[in-house]
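Quick notes on the structure that follows.
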Amino acid sequence: MTLNKDGIKEFVVAARENDGNAVLLDLFTLSDGKRVHVVQNMGYGANLRIYADGTFGVSASGSTGYNTIEFFELPPNETAPRLISGIAIEMGDYYYYGETGERKPCTVDKFTEFVADWDNEQLTVKWIKMK
């Protein structure tokens, strides 16, 4: 699949779950014929969702009471993802952040809106089983 419509395929290495989520192990692209990591080692419990518009989301929980959902895009002919926005929960406090990564407190309603975005239409990914 090509996330950014530049004709260069990106590859996802993940452990697929029955509910359609995938535990992200690695997301990489090719640059000058060499493998380049876009996102890797997101940590324990990191789930990846790829959306129909080519953006992708990563949900991760570091420890009890700490969770994040971040949305990214991969600009054409680039190998580094660009943060679009994200939210974090830290011990009951909710935070929102945009492209700059600057965190601001947010309401439960804003958090709920982001969770709904997380569940938006996803791209159908053809998973290949590795042996």
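Just so you know, these numbers use all the heavy atoms, side chains as well, and skip hydrogens, waters and symmetry mates.
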Exercise. Tell me, do Tyr97 and Leu83 make a side-chain contact under 4.5 Å, heavy atoms counted?
Worked result: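 The answer is yes; the side chains approach within 4.5 Å.
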
For this session: Evaluate the side-chain proximity of Val58 to Ile69: yes if any heavy-atom separation is below 4.5 Å, no if none is.
Result: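 No, side chains not in contact.
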
Indicate the atoms forming the closest heavy-atom contact of [X] with [Y], along with that distance.
X: Ala88; Y: Thr68; answer: CB-CG2, 4.0 Å
X: Ile8; Y: Leu30; answer: CG2-O, 3.5 Å
X: Ser31; Y: Val36; answer: CB-CG2, 3.6 Å
X: Pro75; Y: Ala80; answer: CD-O, 3.6 Å

Measuring from atom [atom1] of [X] to atom [atom2] of [Y], what distance do you get when rounded to the nearest 0.5 angstrom?
X: Thr112; Y: Tyr94; atom1: OG1; atom2: OH; result: 7.5 Å
X: Ile84; Y: Glu70; atom1: CD1; atom2: CD; result: 11.0 Å
X: Thr29; Y: Arg35; atom1: OG1; atom2: CZ; result: 12.0 Å

For this session: Please determine if Lys104 forms a cation-pi arrangement with Tyr96, meaning its NZ or CZ atom is less than 6.0 Å from the six-membered ring centre and no more than 45° off the ring axis.
Result: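 No.
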
Problem set entry | Residues in salt bridge (Lys or Arg N to Asp or Glu O under 4.0 Å) contact with Glu78, at least two apart in sequence or another chain |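 So Glu78 forms no salt bridge (Lys or Arg N to Asp or Glu O under 4.0 Å) with any residue.
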
Problem set entry | Backbone N/O of Lys34 and side chain of Asp32: donor-acceptor pair under 3.5 Å |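 It does not hold such a pair.
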
For this session: Evaluate the ring planes of Phe72 and Phe56, with Trp represented by its six-membered ring, and classify them as parallel (under 30°), tilted (30 to 60°) or perpendicular (over 60°).
Result: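 Plane angle under 30°, so parallel.
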
Problem set entry | Set of side-chain hydrogen bond (donor to acceptor under 3.5 Å, both in side chains) partners for Glu99, sequence neighbours left out |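 In terms of side-chain hydrogen bond (donor to acceptor under 3.5 Å, both in side chains), with neighbours along the sequence ignored, Glu99 is linked to Arg82.
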
Problem set entry | Same cluster (ILVMFWY, side-chain, under 4.5 Å), Val108 and Ile89 |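 Val108 and Ile89: one cluster.
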
